[in-house]
2 protein chains.
Amino acid sequence: MSEIRSLSRRDLLALIGATAGPGAMTMAMSSLGLAGESSYRAAPNLSGAPRGVRVLVLGAGLAGLVTAYELRKAGYEVEVLEYNSRVGGRNWTLRGGDVYTELGGERQTVAFDQGLYFNPGPWRIPYHHYAILDYCRKFGVALEPFVQVNHNAFVHSSKALDGRPVRYREVAADFQGHVAELLAKSLGQSKLDQAVDKEDKEILIEALRNWGALDEELRYRASFASSMRRGFDKPLGGGVDPFPTVSKPLALEDILRPGLWQALLPGSLQLFQTTLFQPVGGMDQISKAFYRELGDIVRFDAKVVAIRQDEREARVAYEDLRARGEVREIAADWVVCTIPLSILSQIDFDASDALKAGVAAVPYGASVKVGLQFKRRFWEEDDLIFGGVTTTDLPIHQIGYPNSEFLGRGKGVLLGAYVFGSPALEYTSIPAAERVRRSVSLGARIHRQYPAEFENGVAVAWHRAPFALGCAGLWSDAARAEHYKNVAEIDGRLVLAGEHVSLLPAWQEGAVLSALDAVARLHKRILEKSEHVAAKH
Amino acid sequence: MSEIRSLSRRDLLALIGATAGPGAMTMAMSSLGLAGESSYRAAPNLSGAPRGVRVLVLGAGLAGLVTAYELRKAGYEVEVLEYNSRVGGRNWTLRGGDVYTELGGERQTVAFDQGLYFNPGPWRIPYHHYAILDYCRKFGVALEPFVQVNHNAFVHSSKALDGRPVRYREVAADFQGHVAELLAKSLGQSKLDQAVDKEDKEILIEALRNWGALDEELRYRASFASSMRRGFDKPLGGGVDPFPTVSKPLALEDILRPGLWQALLPGSLQLFQTTLFQPVGGMDQISKAFYRELGDIVRFDAKVVAIRQDEREARVAYEDLRARGEVREIAADWVVCTIPLSILSQIDFDASDALKAGVAAVPYGASVKVGLQFKRRFWEEDDLIFGGVTTTDLPIHQIGYPNSEFLGRGKGVLLGAYVFGSPALEYTSIPAAERVRRSVSLGARIHRQYPAEFENGVAVAWHRAPFALGCAGLWSDAARAEHYKNVAEIDGRLVLAGEHVSLLPAWQEGAVLSALDAVARLHKRILEKSEHVAAKH
């Protein structure tokens with residue numbers, strides 16, 4: 001029986017999302033939904049800033065850091081308020097010794113060995129997200145390839161093949177082969193004469209034969225050609241007995257019914273196409289690089305509680321968490337607020353009704369990531385999996401393999417679960433330590449080495465992260481149509497920036513682009529005002 | 001008009017090969033031809049070697065290095081004769097200051113800046129070529145990903161789209177989309193009821209809709225979904241105007257007629273699937289690591305001129321090129337000869353008629369690689385191409401982008417041409433300096449920045465390399481059936497190893513596996529003989 005037909009369209013979208021990260025979910029969405037390519041060309045030219053104009057930036061995540069960096073460089077007087085004791089926001093890397101306390105007070109101390117790390121937030125940068133890449137380039141943040149599609153990683157369904165994981169290459173080659181065979185035979189029967197020019201038909205059949213590894217009779221079957229894609233049972237060798245044994249393809253129905261084909265979808269998206277990157281040593285190398293540029297203009301442990309504005313100026317009140325929550329106030333001419341809408345909506349702030357309605361209209365996504373340290377890199381040594389992602393219908397959804405120290409003899413940290421939507425809420429019905437244990441016991445159904453090799457882990461649930469309350473702003477199409485413009489516009493002395501003010505939600509590029517656009521517009525507004533003032537005098 | 005139909009099957013194979021490297025050519029071959037996965041599991045156990053047994057290894061390429069390393073570790077008395085002044089053979093990296101003299105005496109001095117390099121021989125290691133990877137692991141040779149398929153690299157045909165290069169992602173998404181549309185419509189018309197179970201048909205249509213980015217009416221057209229794969233005309237952004245413009249797919253005929261679809265073939269092969277590797281700093285890091293292990297047992301500049309063997313021992317005569325070609329002789333109990341058959345066939349050697357016939361039966365492939373140094377990494381800065389390969393029907397066939405120092409501000413070395421078969425012979429009808437100039441002028445039709453940014457280059461033609469006389473042994477199926485076994489068997493005191501004694505020709509893994517198999521059999525033979533001798537006494 002088909003598993004897929006019992007799923008609603010929404011379930012299907014969730015499923016696709018679950019195998020690929022938030023961005024992939026949009027693939028099947030018909031209208032402007034989420035993520036894609038970046039519109040970045042170059043950082044804005046902010047010349048001519050008037051002297052003495054004060055800009056207060058709320059939040060030192062990527063949007064806030066970009067804002068502060070660009071405005072300060074342009075000559076503005078910039079200060080930044082940050083709730084955490086570090087910069088970065090969701091641009092974040094956990095290492096041994098780090099302590100993290102989630103909503104409700106559960107506190108985890110990361111026990112990774114030295115040199116190991118885990119990115120609980122963003123973990124990859126598409127090559128076309130060039131705004132953030134350009135900052136890496138500018139600040140000398142070293143980048144290395146991030147492997148998304150790994151043909152030797154697993155595709156696993158508890159409902160298929162008695163729960164035996166297969167390799168991505170097998171699903172990819174076999175789906176392609178069966179599709180090629182069906183279409184080539186259909187063309188051979190001249191059923192599609194209307195759709196394909198007769199002149200092209202012969203070429204298309206030849207193309208399908210090569211592309212699908214079909215035999216002379218246009219069949220996709222166990223053969224040298226198909227084994228060259230899906231792998232041999234006994235591989236080619238050297239010396240006296242180098243002769244291989246070909247492998248038997250999966251039946252089309254075994255790919256279709258348990259939904260194994262869905263594992264092929266993310267890799268087609270430009271978001272996950274080669275070449276993706278990760279910063280060497282952890283994603284937070286980027287925010288740390290910004291911080292080096294900014295110096296001491298960031299006030300940490302500052303929890304914003306009110307944003308006031310009037311004709312004369314803006315004033316932001318914050319609790320100084322280093323001084324038992326004593327409330328302090330900073331005045332500024334302009335405020336760039338990069339606080340997630342999930343948090344901002346709980347803060348007392350002065351703005352138009354339109355902006356307030358927009359801030360209230362955007363729900364935030366639930367998401368859990370679990371990092372697991374193992375004694376040895378068994379996925380490389382035993383399974384020949386070097387980077388990339390395994391997908392499964394188990395509640396862990398994904399296993400992500402590290403993309404550095406390849407073939408190293410040391411330990412390694414896996415992404416042991418990456419879950420979002422309602423499965424993420426389920427995952428957080430248990431304490432963090434149990435989430436880690438659950439990830440190990442579930443992952444053991446794919447990697448039998450898990451129990452023997454596991455050492456320690458950490459679980460970050462984004463909807464329970466006090467500084468974010470969600471992984472990203474999940475605009476509905478209706479909310480976007482009604483509110484997006486109001487959220488993006490400068491509202492008096494206040495302008496918002498962050499991934500939530502972009503069409504690239506959950507992606508760092510969205511945060512960077514929205515910040516660049518906000519500073520460009522703010523600068524223009526300030527110049528206009530200052531000309532206006534000059535003209536009046 | 002179709003370009004493809006005017007090509008013979010052999011031309012087509014050559015064309016596929018030309019866009020992918022020698023390994024890809026086999027994809028369309030029906031019988032046991034070439035390359036694939038490795039059969040390696042672990043290095044052989046060579047315990048119990050009798051004392052004082054002398055093994056002479058001819059050639060210090062990878063096969064010779066592996067042979068010498070394993071036999072020496074087992075306790076044999078090993079010496080190596082090497083024609084060049086360096087180890088590695090085709091495992092070779094060129095850097096500034098290196099001098100290379102090809103057949104005929106043309107001498108090139110490499111002018112690359114410090115830190116830049118070019119691998120004229122092998123340049124990538126598939127993840128499943130685990131014998132060579134295991135040596136890298138053992139010797140601590142750092143590896144980094146090699147990007148083969150880069151969705152943002154170009155696919156270029158001088159006969160298509162007025163010679164405008166398109167991105168790989170456009171060809172990949174559009175071919176997949178058109179194929180999905182044709183098959184989905186065919187299924188909708190119930191033409192394939194016999195081939196597909198009715199139960200599966202609905203799932204297959206849903207799969208094709210997602211996989212091919214089809215719309216609700218199963219059409220592949222300009223849409224948000226298709227642009228998420230092929231790219232937008234105006235990308236998604238942040239701030240007040242984040243809205244994208246979708247892009248228009250290529251027509252199926254524009255992909256089929258000029259053969260653009262052929263660019264999609266190599267990436268399907270396990271040989272080019274993720275994750276591929278390259279040694280950090282150049283392919284010769286591997287042979288250098290072996291050499292560190294071996295120490296001073298390699299005699300360089302030693303040109304083997306005769307291999308003698310009788311009941312008592314083997315004797316190899318060589319010209320000492322450091323002593324004006326004076327002929328010297330070394331005696332040994334056994335000889336492992338890794339000299340390419342193209343060279344060995346010209347040497348006077350004692351062996352059975354069967355082995356001699358085999359050695360004579362294997363032609364060697366012609367191949368040219370050109371390395372080009374440019375002032376800046378314009379392919380990254382201007383074109384957002386990070387690693388991977390551009391394919392073209394121009395005589396350069398491929399452009400390979402460096403897979404390290406991503407987003408670096410320095411200079412870079414491209415693979416400016418990679419040609420084999422008869423086009424490689426044409427490429428060497430002109431001197432090396434002209435091959436370099438030709439690569440620049442042809443490449444400029446794809447990268448307009450070439451002429452302004454070019455600095456210097458080097459061209460290596462393998463069929464004109466004195467130590468190889470070809471890029472690899474190209475067994476025909478007929479020759480393999482008749483001679484392969486005889487070439488692989490121990491022949492008296494002589495056994496051959498090298499990529500030519502494998503089903504992985506042109507791949508380093510073939511050399512390593514053949515050497516491992518040769519040493520295992522040789523060790524067994526030696527043990528048998530020594531037991532035989534012991535029994536007689």
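Note on naming: letters A, B, ... go to the chains in the order of the sequence lines (proteins, then strands), and numbering restarts at 1 for each one.
The environment of NZ in K138(B) is crowded: more than 12 heavy-atom neighbours from other residues, nucleotides or ligands sit within 6.0 Å.
Listed for the Y484(B) side chain is no donor-acceptor partner under 3.5 Å among the backbone atoms of P242(A). Remark: the backbone N or O of N150(B) is not paired with any side-chain donor or acceptor of Q273(A) at under 3.5 angstrom.
Interface remark: V147(B) contributes side-chain atoms only to the contact with chain A (heavy atom separation under 4.5 Å). Of the two parts of A207(A), the backbone and the side chain both hold a non-hydrogen atom closer than 4.5 Å to a non-hydrogen atom of chain B. Contacts between S268(B) and chain A at a heavy-atom distance below 4.5 Å involve backbone atoms as well as side-chain atoms. Heavy atoms of L214(B) lying under 4.5 Å from chain A are absent altogether. Residue L384(A) touches chain B through both its backbone and its side chain, counting heavy-atom pairs closer than 4.5 Å. For L204(B), the parts lying under 4.5 angstrom from a heavy atom of chain A are both the backbone and the side chain. Residue L133(A) touches chain B through both its backbone and its side chain, counting heavy-atom pairs closer than 4.5 Å.
In terms of heavy-atom pairs under 4.5 Å with chain A, the best-connected choice from R409(B), E253(B), E144(B) is R409(B). Contacts with chain B were tallied for D134(A), L143(A), N152(A); N152(A) has the most, counting heavy-atom pairs under 4.5 Å.
Closest approach of S186(A) and S186(B) over heavy atoms only: OG-OG, 3.1 Å. Residues W261(A) and N210(B) approach most closely at CZ3-CB, 3.8 Å, considering heavy atoms. When all heavy atoms of L503(A) and P244(B) are compared, the pair lying nearest together is CD1-CD, 3.8 Å.
Rounding to the nearest 0.5 angstrom, the gap separating the CD1 atom in I385(B) from the OG1 atom in T275(A) is 9.5 Å. Note that CD1 of I255(B) and CD1 of I203(A) are 12.0 Å apart. Values are rounded to the nearest 0.5 Å. Within the model, atoms CG of L182(B) and NZ of K201(A) stand 11.5 Å from one another, a figure rounded to the nearest 0.5 Å. Here CZ of R230(B) is found 14.0 Å from CG of L269(A). Values are rounded to the nearest 0.5 Å. Summarising the geometry, atom CZ belonging to R480(B) is positioned 7.0 Å from atom CZ belonging to F243(A); distances are rounded to the nearest 0.5 Å. The CH2 atom of W211(A) sits 6.0 Å away from atom CD of Q176(B), with the distance rounded to the nearest 0.5 Å.
Residues forming a side-chain contact (heavy atoms from CB on, under 4.5 Å) with D517(A) (at least two apart in sequence, or on another chain): R521(A), V240(B). Contacts of F277(A) classified as ring-ring contact (aromatic ring centres under 6.0 Å, His included), with partners at least two apart in sequence or in another chain: F386(B), F406(B).
Classification of R257(B) and D197(A) as a salt-bridged pair holds, one side-chain N sitting under 4.0 Å from a carboxylate O. For R137(A) and E381(B), the salt-bridge test passes: some basic side-chain N is under 4.0 Å from an acidic carboxylate O.
If you run side chain to side chain donor-acceptor pair (under 3.5 Å) between T274(A) and each of Q148(B), H151(B), R169(B), only H151(B) comes through.
A 4.5 Å side-chain heavy-atom check between L208(B) and V179(A) finds at least one atom pair inside the cut-off. Residues L236(B) and E509(A) have side chains not in contact (no heavy-atom distance under 4.5 Å, counting atoms from C-beta outward). With a 4.5 Å cut-off on side-chain heavy atoms, Y130(A) and L407(B) count as touching.
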